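Throughout, residue positions are numbered sequentially from 1 according to the sequence presented. In this text the structure is predicted, and so the values were computed from the model without any measurement.
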Amino acid sequence: MKVTKTFFNGEVKLITPKAHYDDRGFFMETYQYEKLTKYKLNTVFSQDNHSMSYHTGTIRGLHYQLPPMAQTKLVRVIRGAIFDVVVDIRKSSSTFGEWIGVELSSDNKKQLYIPKGFAHGFCTKMDNTEVIYKVDANYSRTLERGILWNDSNIGISWPKDNTILSDKDKNHPLLKDADVFV
Ligand SMILES: Cc1cn([C@H]2C[C@H](O)[C@@H](COP(=O)(O)OP(=O)(O)O[C@H]3O[C@H](C)C(=O)[C@H](O)[C@H]3O)O2)c(=O)[nH]c1=O
């Protein structure tokens, strides 16, 4: 696996694993601590997450957890495809409020490494899409926060407009009003 693209001054990283194909199918290493350490991704992950979304156009996000339960995430898709979005929510950052989006899919097998200080969300591009991701801090109901997916001050160009959202995700604050990172 190697880092094939970076964003936000190298902090957010797109990782492409190597798939070994033969006449049975493929095998690939999807996480290898020593290899990622070479890219300074030596986070010790403590929890694996798995979500499945029935329909195209489902948006989950934009989510993050506040310190001391802020989470680094390593995201990949094992079925279907997503438009994966990251927003810089560090007030002191020169890229505060800026966003990037990349396609992660079971076909491209790419992974996105998202450090603490960024909000994360995605929009599914296929039905029955399954996303799995590692985090380095456990879930915290008291420290989880969100930012409104269609905050015009961020201006994310989501791939679908007839979106499906949880009630929680319909009611997050705008970035300017949100509890974010210093
Ligand atoms: C995140 C999480 C949730 N839950 C429970 C809480 C709810 O009862 C249920 C659904 O949670 P939620 O609606 O927050 O799930 P998503 O909308 O997929 O949230 C995720 O969406 C975006 C894309 C993220 O990056 C976050 O990791 C995460 O917030 O699972 C848990 O038990 N553990 C957890 O770690």
Go through the steps for Glu103 and Lys125 under the test salt bridge (Lys or Arg N to Asp or Glu O under 4.0 Å), then give the verdict.
CA-CA 9 Å; Glu103 179 161 322; Lys125 297 183 74 174; 2.6 Å; yes
I'd like to know whether Arg76 forms a salt bridge (Lys or Arg N to Asp or Glu O under 4.0 Å) with Glu130, so could you lay out the CA-CA distance, the side-chain angles of the two residues, the decisive distance to 0.1 Å, and finally the verdict.
CA-CA 9 Å; Arg76 70 189 182 100; Glu130 297 192 54; over 6 Å; no
Check against side chain to side chain contact (heavy atoms under 4.5 Å, CB included), Cys123 and Thr58:
CA-CA 5 Å; Cys123 178; Thr58 300; over 6 Å; no
Side chain to side chain contact (heavy atoms under 4.5 Å, CB included) evaluation trace for Ser166 with Arg60
CA-CA 8 Å; Ser166 66; Arg60 294 175 182 257; over 6 Å; no
The test is side chain to side chain contact (heavy atoms under 4.5 Å, CB included); show your working for Lys134 and Asn49 and say whether it passes.
CA-CA 6 Å; Lys134 295 179 174 303; Asn49 295 329; over 6 Å; no
Using the rule given for side chain to side chain contact (heavy atoms under 4.5 Å, CB included), can you reason through Lys2 versus Lys35, listing the C-alpha separation, both sets of side-chain angles and the distance that settles it, and then say yes or no?
CA-CA 8 Å; Lys2 53 187 177 187; Lys35 282 187 184 158; over 6 Å; no
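One hydrophobic cluster holds both Leu174 and Leu165 under the rule that ILVMFWY side chains link at heavy-atom gaps under 4.5 Å. No chain of hydrophobic side-chain contacts below 4.5 Å, direct or via other Ile, Leu, Val, Met, Phe, Trp or Tyr residues, connects Ile15 to Ile132. Side-chain heavy atoms closer than 4.5 Å link hydrophobic residues (I, L, V, M, F, W, Y) into clusters, and following such links, even through other members, never connects Phe8 to Leu41. Note on Val180 and Leu62: same hydrophobic cluster, where clusters join Ile, Leu, Val, Met, Phe, Trp and Tyr whose side-chain heavy atoms are under 4.5 Å apart, directly or indirectly. Hydrophobic clustering (ILVMFWY, side-chain heavy atoms < 4.5 Å, transitive): Met126 and Val131 are in distinct clusters.
Ring geometry, Trp158 versus Trp149: the interplanar angle falls from 30° to 60°, so the pair is classed tilted. Aromatic ring orientation, His172 versus His63: perpendicular (interplanar angle above 60°, classes split at 30° and 60°). In this pair, Tyr31 and Tyr33 present their aromatic rings perpendicular. The plane angle is above 60°, beyond the 30 to 60° band. Using cut-offs of 30° and 60° for the angle between ring planes, the Phe26 and Tyr21 rings count as tilted.
Thr129 is listed as a side-chain neighbour of Ile82, based on a closest heavy-atom distance under 4.5 Å. Between Asp169 and Ile59, every side-chain heavy-atom pair lies at or beyond the 4.5 Å cut-off. Annotation: side chain of Arg90 is in contact with side chain of Phe118 (closest heavy-atom distance under 4.5 Å). Taking 4.5 Å as the limit, every side-chain heavy atom of Leu104 sits out of range of all side-chain heavy atoms of Phe122. Using a 4.5 Å heavy-atom cutoff, the side chains of Tyr133 and Leu74 are not in contact. Within the 4.5 Å cutoff, the side chain of Phe181 has no heavy atoms near those of the Ser93 side chain. Taking the side chain as every heavy atom from C-beta outward, Thr72 and Val135 never approach each other to under 4.5 Å. Leu14 places none of its side-chain heavy atoms less than 4.5 Å from the side chain of Thr6.
Distance check: Ser94 OG to Asn9 CG gives 5.5 Å after rounding to the nearest 0.5 Å. We find the CD-CG distance between Glu34 and Leu36 to be 9.0 Å, quoted to the nearest 0.5 Å. Between atom OG1 of residue Thr163 and atom NE2 of residue His55 there is a gap of 13.0 Å, rounded to the nearest 0.5 Å. Between the CD1 atom of Ile156 and the CZ atom of Phe83 there is a distance of 8.0 Å, given to the nearest 0.5 Å. Residue Met1 holds its CE atom at 13.5 Å from NZ of Lys109, rounded to the nearest 0.5 Å. With values rounded to the nearest 0.5 angstrom, Thr56 atom OG1 is found 8.5 Å from Asn128 atom CG.
Remark: the backbone N or O of Val87 is not paired with any side-chain donor or acceptor of Glu98 at under 3.5 angstrom. Formation of a donor-acceptor pair under 3.5 Å by the Asp151 side chain with backbone atoms of Ile147 is not found in this model. Ser105 places a side-chain N or O within 3.5 Å of a backbone atom of Asn108 that can act as its donor or acceptor partner.
For the pair Asp136 and Lys116, the salt-bridge criterion is met [side-chain N within less than 4.0 Å of a carboxylate O]. Salt bridge present: Lys168 and Glu144 bring a charged side-chain N and a carboxylate O closer than 4.0 Å.
Shown here for Glu29 and Phe27, the closest heavy-atom pair between the two residues is N-CE2, 4.1 Å. Taking every heavy atom of both residues into account, Pro67 and Leu143 meet most closely at O-CD1, 4.0 Å. Here the closest non-hydrogen pair linking Gly97 and Leu175 is CA-CD2, 3.6 Å. Closest heavy-atom contact between Tyr113 and Thr43: OH-OG1, 2.7 Å. Between Tyr64 and Ala119, the closest heavy-atom pair is CD2-CB, 3.9 Å. Between Leu148 and Lys170, the closest heavy-atom pair is CD1-O, 3.5 Å.
In the model, Asp84 has a side-chain atom that pairs as donor or acceptor with a side-chain atom of His120 under 3.5 Å.
Annotation: cation-pi pair Lys13/Phe7 absent, no NZ/CZ under 6.0 Å from the ring centroid and within 45° of its normal.
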